[in-house]
Amino acid sequence: MAVDLSKRVYKDAGGKAGTAHIKELFSGEKVRARIAEMGKEISADFQDLERPVVIGVMKGAIFFLSDLMRNIDTKDPLQLEFVRLASYGSATESSGVIQTPYLDLPNIAHRNIIVVEDIVDSGRTAKFFLEYLRGQFDPKTLKLAALLDKPSRRAVECKADYVGFTIDDLFVVGYGLDYAEQFRELPFLGELVNFS
Ligand code: IMP
Ligand code: MG
(Lines give C-alpha, C1' and ligand atoms only; values in the text may rest on other atoms or scores of the structure.)
(Ligands and ions follow the chains in the order given, each with its own letter.)
Protein backbone atom coordinates (compact mmCIF):
# COMPACT_ATOMS: atom_id res chain seq x y z
CA MET A 1 0.00 0.00 0.00
CA ALA A 2 1.25 3.48 -0.83
CA VAL A 3 2.30 5.59 2.14
CA ASP A 4 0.01 8.58 2.74
CA LEU A 5 2.39 11.52 2.73
CA SER A 6 -0.35 14.06 3.44
CA LYS A 7 -0.38 13.14 7.14
CA ARG A 8 3.01 13.16 8.78
CA VAL A 9 4.07 12.65 12.36
CA TYR A 10 5.36 15.91 13.78
CA LYS A 11 7.31 16.22 17.03
CA ASP A 12 7.51 19.49 18.87
CA ALA A 13 10.58 20.70 20.74
CA GLY A 14 9.45 18.82 23.84
CA GLY A 15 9.14 15.56 21.89
CA LYS A 16 5.35 15.54 21.92
CA ALA A 17 3.93 13.97 18.76
CA GLY A 18 1.09 15.30 16.61
CA THR A 19 -0.07 15.01 13.02
CA ALA A 20 0.86 17.54 10.37
CA HIS A 21 -1.56 17.88 7.48
CA ILE A 22 0.20 18.65 4.24
CA LYS A 23 -1.55 19.45 0.98
CA GLU A 24 0.35 18.82 -2.23
CA LEU A 25 0.91 21.98 -4.28
CA PHE A 26 3.36 20.70 -6.90
CA SER A 27 4.11 17.03 -7.45
CA GLY A 28 7.70 15.85 -7.58
CA GLU A 29 7.26 15.32 -11.32
CA LYS A 30 6.05 18.89 -11.82
CA VAL A 31 8.89 20.24 -9.72
CA ARG A 32 11.50 18.32 -11.69
CA ALA A 33 10.00 19.38 -15.03
CA ARG A 34 10.11 23.02 -13.96
CA ILE A 35 13.69 22.68 -12.69
CA ALA A 36 14.69 21.19 -16.06
CA GLU A 37 13.30 24.32 -17.76
CA MET A 38 15.19 26.55 -15.34
CA GLY A 39 18.35 24.59 -16.11
CA LYS A 40 17.88 25.27 -19.82
CA GLU A 41 17.41 28.98 -19.19
CA ILE A 42 20.51 29.17 -17.01
CA SER A 43 22.51 27.12 -19.51
CA ALA A 44 21.63 29.58 -22.27
CA ASP A 45 22.60 32.58 -20.12
CA PHE A 46 25.84 31.06 -18.83
CA GLN A 47 26.84 29.20 -21.99
CA ASP A 48 29.72 31.45 -22.94
CA LEU A 49 30.72 32.61 -19.48
CA GLU A 50 33.99 31.49 -17.98
CA ARG A 51 33.95 28.81 -15.25
CA PRO A 52 30.55 29.45 -13.64
CA VAL A 53 30.22 28.84 -9.90
CA VAL A 54 27.00 27.50 -8.38
CA ILE A 55 26.59 28.35 -4.69
CA GLY A 56 23.90 26.39 -2.87
CA VAL A 57 22.40 27.93 0.25
CA MET A 58 21.90 25.11 2.73
CA LYS A 59 19.95 23.43 3.98
CA GLY A 60 16.73 24.19 2.13
CA ALA A 61 18.21 24.31 -1.38
CA ILE A 62 19.71 20.82 -1.25
CA PHE A 63 17.32 18.91 -3.54
CA PHE A 64 16.63 21.85 -5.84
CA LEU A 65 20.36 22.41 -6.18
CA SER A 66 21.14 18.81 -7.06
CA ASP A 67 18.33 18.65 -9.65
CA LEU A 68 19.17 22.06 -11.09
CA MET A 69 22.89 21.48 -11.43
CA ARG A 70 22.34 18.28 -13.37
CA ASN A 71 20.23 20.31 -15.81
CA ILE A 72 22.88 22.96 -16.42
CA ASP A 73 25.09 22.48 -19.41
CA THR A 74 27.78 25.09 -20.06
CA LYS A 75 30.89 25.07 -22.24
CA ASP A 76 33.16 25.71 -19.28
CA PRO A 77 33.17 23.42 -16.25
CA LEU A 78 30.81 24.21 -13.37
CA GLN A 79 32.11 24.60 -9.84
CA LEU A 80 29.93 23.79 -6.84
CA GLU A 81 30.16 25.53 -3.46
CA PHE A 82 27.95 25.63 -0.39
CA VAL A 83 27.16 28.04 2.37
CA ARG A 84 24.78 27.63 5.24
CA LEU A 85 22.65 30.58 6.20
CA ALA A 86 19.83 30.75 8.69
CA SER A 87 17.56 33.37 10.14
CA TYR A 88 16.33 31.83 13.34
CA GLY A 89 12.96 32.95 14.55
CA SER A 90 9.71 31.08 15.01
CA ALA A 91 9.19 28.05 12.80
CA THR A 92 7.29 30.00 10.15
CA GLU A 93 8.57 33.56 10.57
CA SER A 94 12.17 34.55 10.04
CA SER A 95 13.80 36.74 12.67
CA GLY A 96 15.33 39.04 10.08
CA VAL A 97 18.78 38.52 11.55
CA ILE A 98 20.86 36.40 9.20
CA GLN A 99 23.21 33.90 10.83
CA THR A 100 26.13 32.38 8.93
CA PRO A 101 26.82 28.93 10.42
CA TYR A 102 29.00 28.10 7.39
CA LEU A 103 30.37 30.75 5.09
CA ASP A 104 33.63 29.21 3.97
CA LEU A 105 34.10 29.97 0.27
CA PRO A 106 37.30 29.66 -1.73
CA ASN A 107 38.58 32.68 -3.66
CA ILE A 108 35.92 33.20 -6.32
CA ALA A 109 36.83 36.80 -7.12
CA HIS A 110 35.46 38.11 -10.44
CA ARG A 111 33.73 34.84 -11.28
CA ASN A 112 30.31 34.19 -12.84
CA ILE A 113 28.09 33.15 -9.93
CA ILE A 114 24.66 31.55 -9.64
CA VAL A 115 23.22 31.53 -6.11
CA VAL A 116 20.68 28.76 -5.49
CA GLU A 117 18.06 29.35 -2.77
CA ASP A 118 15.00 27.33 -1.73
CA ILE A 119 12.66 30.31 -1.39
CA VAL A 120 12.66 34.08 -1.38
CA ASP A 121 10.24 35.11 1.35
CA SER A 122 11.00 38.42 3.12
CA GLY A 123 14.03 38.58 0.82
CA ARG A 124 16.41 39.28 3.70
CA THR A 125 18.52 36.12 3.37
CA ALA A 126 19.05 36.45 -0.37
CA LYS A 127 19.70 40.19 -0.15
CA PHE A 128 22.24 39.69 2.62
CA PHE A 129 24.08 36.98 0.73
CA LEU A 130 24.12 38.74 -2.64
CA GLU A 131 25.51 41.86 -0.97
CA TYR A 132 28.09 39.75 0.85
CA LEU A 133 29.25 38.18 -2.43
CA ARG A 134 29.43 41.56 -4.16
CA GLY A 135 31.53 42.96 -1.33
CA GLN A 136 33.87 39.98 -1.01
CA PHE A 137 34.32 38.87 -4.60
CA ASP A 138 33.15 41.57 -7.00
CA PRO A 139 31.57 38.93 -9.27
CA LYS A 140 31.52 39.41 -13.02
CA THR A 141 27.99 37.96 -13.09
CA LEU A 142 25.75 37.38 -10.07
CA LYS A 143 22.37 35.70 -10.53
CA LEU A 144 19.85 34.28 -8.10
CA ALA A 145 17.82 31.12 -8.74
CA ALA A 146 15.00 30.31 -6.30
CA LEU A 147 12.70 27.32 -6.41
CA LEU A 148 9.90 29.38 -4.85
CA ASP A 149 9.07 33.06 -4.65
CA LYS A 150 6.55 34.65 -2.29
CA PRO A 151 6.52 38.24 -3.57
CA SER A 152 3.63 39.27 -1.28
CA ARG A 153 5.90 38.73 1.76
CA ARG A 154 8.80 40.87 0.65
CA ALA A 155 10.21 43.16 3.37
CA VAL A 156 13.33 44.26 1.49
CA GLU A 157 13.91 44.62 -2.21
CA CYS A 158 15.10 41.39 -3.75
CA LYS A 159 14.35 39.91 -7.13
CA ALA A 160 15.32 36.43 -8.23
CA ASP A 161 16.55 36.05 -11.81
CA TYR A 162 15.18 32.51 -12.12
CA VAL A 163 12.05 31.41 -10.25
CA GLY A 164 10.55 27.93 -10.20
CA PHE A 165 7.09 28.78 -8.91
CA THR A 166 5.56 32.02 -7.64
CA ILE A 167 3.20 31.30 -4.74
CA ASP A 168 0.80 33.08 -2.42
CA ASP A 169 1.55 33.56 1.25
CA LEU A 170 1.50 29.85 2.17
CA PHE A 171 3.90 27.93 4.34
CA VAL A 172 5.50 25.29 2.16
CA VAL A 173 7.37 22.14 3.13
CA GLY A 174 9.06 19.33 1.25
CA TYR A 175 11.69 19.19 -1.49
CA GLY A 176 14.19 20.54 1.05
CA LEU A 177 11.96 23.05 2.83
CA ASP A 178 11.32 22.48 6.51
CA TYR A 179 9.06 23.36 9.36
CA ALA A 180 11.17 23.28 12.56
CA GLU A 181 13.71 21.03 10.77
CA GLN A 182 11.06 18.50 9.72
CA PHE A 183 9.50 17.41 6.40
CA ARG A 184 12.49 18.29 4.19
CA GLU A 185 12.47 14.77 2.74
CA LEU A 186 8.94 14.93 1.27
CA PRO A 187 9.33 14.30 -2.48
CA PHE A 188 6.88 17.09 -3.46
CA LEU A 189 6.12 20.69 -2.50
CA GLY A 190 3.17 20.91 -0.14
CA GLU A 191 1.37 23.46 1.96
CA LEU A 192 1.56 22.84 5.68
CA VAL A 193 -2.15 23.26 6.41
CA ASN A 194 -2.48 22.53 10.13
CA PHE A 195 -1.72 20.14 12.99
CA SER A 196 -3.99 17.78 14.90
P1 IMP B 1 13.72 35.17 3.79
O2 IMP B 1 12.58 35.63 4.65
O3 IMP B 1 13.50 35.50 2.34
O4 IMP B 1 15.03 35.66 4.30
O5 IMP B 1 13.75 33.59 3.85
C6 IMP B 1 14.44 32.98 4.90
C7 IMP B 1 14.31 31.50 4.90
O8 IMP B 1 13.07 31.20 5.52
C9 IMP B 1 14.28 30.74 3.59
O10 IMP B 1 15.54 30.46 3.03
C11 IMP B 1 13.62 29.46 4.05
O12 IMP B 1 14.57 28.58 4.63
C13 IMP B 1 12.65 29.94 5.13
N14 IMP B 1 11.28 30.01 4.60
C15 IMP B 1 10.59 31.07 4.16
N16 IMP B 1 9.36 30.73 3.75
C17 IMP B 1 9.28 29.38 3.94
C18 IMP B 1 8.25 28.40 3.68
O19 IMP B 1 7.14 28.66 3.18
N20 IMP B 1 8.57 27.13 4.03
C21 IMP B 1 9.76 26.77 4.56
N22 IMP B 1 10.75 27.63 4.79
C23 IMP B 1 10.50 28.93 4.48
MG1 MG C 1 14.24 26.90 7.11
Side-chain angles (χ1 to χ4, degrees), residues 5-6 8-13 18 20-28 30-31 34-35 38 54-69 81-103 105 113-135 142-195:
L5 293 177
S6 68
R8 301 288 289 169
V9 173
Y10 165 75
K11 288 200 173 171
D12 70 16
H21 298 264
I22 296 160
K23 184 178 128 202
E24 184 178 290
L25 291 174
F26 304 104
S27 69
K30 253 207 175 132
V31 173
R34 180 68 194 117
I35 296 173
M38 296 174 82
V54 172
I55 306 178
V57 179
M58 295 294 111
K59 298 176 234 175
I62 183 159
F63 302 116
F64 172 44
L65 171 71
S66 70
D67 285 352
L68 183 66
M69 226 185 143
E81 299 295 341
F82 295 112
V83 295
R84 216 182 122 201
L85 305 177
S87 64
Y88 300 107
S90 73
T92 60
E93 201 79 39
S94 94
S95 63
V97 180
I98 313 301
Q99 318 263 342
T100 57
Y102 181 81
L103 191 57
L105 290 164
I113 298 175
I114 309 155
V115 172
V116 179
E117 268 267 30
D118 54 355
I119 185 167
V120 183
D121 185 40
S122 72
R124 288 191 187 99
T125 306
K127 185 168 194 263
F128 162 85
F129 189 49
L130 293 174
E131 275 171 10
Y132 174 83
L133 291 173
R134 279 195 198 98
L142 183 59
K143 300 281 187 190
L144 171 64
L147 180 57
L148 293 167
D149 187 11
K150 279 197 242 179
S152 64
R153 296 256 311 167
R154 213 66 100 245
V156 297
E157 200 174 315
C158 176
K159 199 173 173 305
D161 300 284
Y162 310 97
V163 172
F165 304 99
T166 299
I167 57 168
D168 294 334
D169 184 9
L170 309 170
F171 197 81
V172 177
V173 294
Y175 230 89
L177 288 98
D178 72 303
Y179 173 84
E181 298 302 334
Q182 295 166 67
F183 316 123
R184 290 192 199 274
E185 73 282 14
L186 292 178
F188 57 85
L189 285 168
E191 180 192 1
L192 179 59
V193 180
N194 57 29
F195 294 99

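Counting starts at 1 for both ligands and their atoms, in listed order. We're numbering straight along the sequence, starting at 1.
Ligand 1 lies nowhere less than 4.0 angstrom from a heavy atom belonging to Val57. Within the 4.0 Å heavy-atom shell around ligand 1 one does not find Lys59. Using a 4.0 Å cutoff on heavy atoms, Ala126 does not count as a contact of ligand 1.
Using a 4.0 Å cut-off between heavy atoms, Arg153 makes no contact with ligand 1 at all. For Leu85, no heavy-atom contact with ligand 1 is shorter than 4.0 Å. Heavy atoms from both the backbone and the side chain of Thr125 come within less than 4.0 Å of ligand 1.
Annotation: Leu142, atom CG; neighbour count of heavy atoms from other residues, nucleotides and ligands within 6.0 Å is above 12.
For the side chain to side chain donor-acceptor pair (under 3.5 Å) condition, the pairs that include at least one residue of residues 158-170, sequence neighbours left out, are Asp45-Tyr162.
Listed by chain and residue number, Leu170, Val172, Glu191 satisfy the side-chain contact (heavy atoms from CB on, under 4.5 Å) test with Leu25 (two or more places apart in sequence, or in another chain).
For Tyr175 and Phe183, the distance between ring centers is not under 6.0 angstrom.
When only interatomic distances are considered, the shortest N/O to N/O separation between Ser87 and ligand 1 does not fall below 3.5 Å.
Considering only non-hydrogen atoms, atom 12 (O) of ligand 1 lies nearest to Asp118 out of Asp118, Thr92, Val172.
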Salt bridge (Lys or Arg N to Asp or Glu O under 4.0 Å) for Arg8 and Glu185? Distances and angles first, verdict last. CA-CA 11 Å; Arg8 301 288 289 169; Glu185 73 282 14; 3.0 Å; yes
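The distance from ligand 1 to the heavy atoms of Ser122 drops below 4.0 Å at these ligand atoms: 1 (P), 2 (O), 3 (O), 4 (O).
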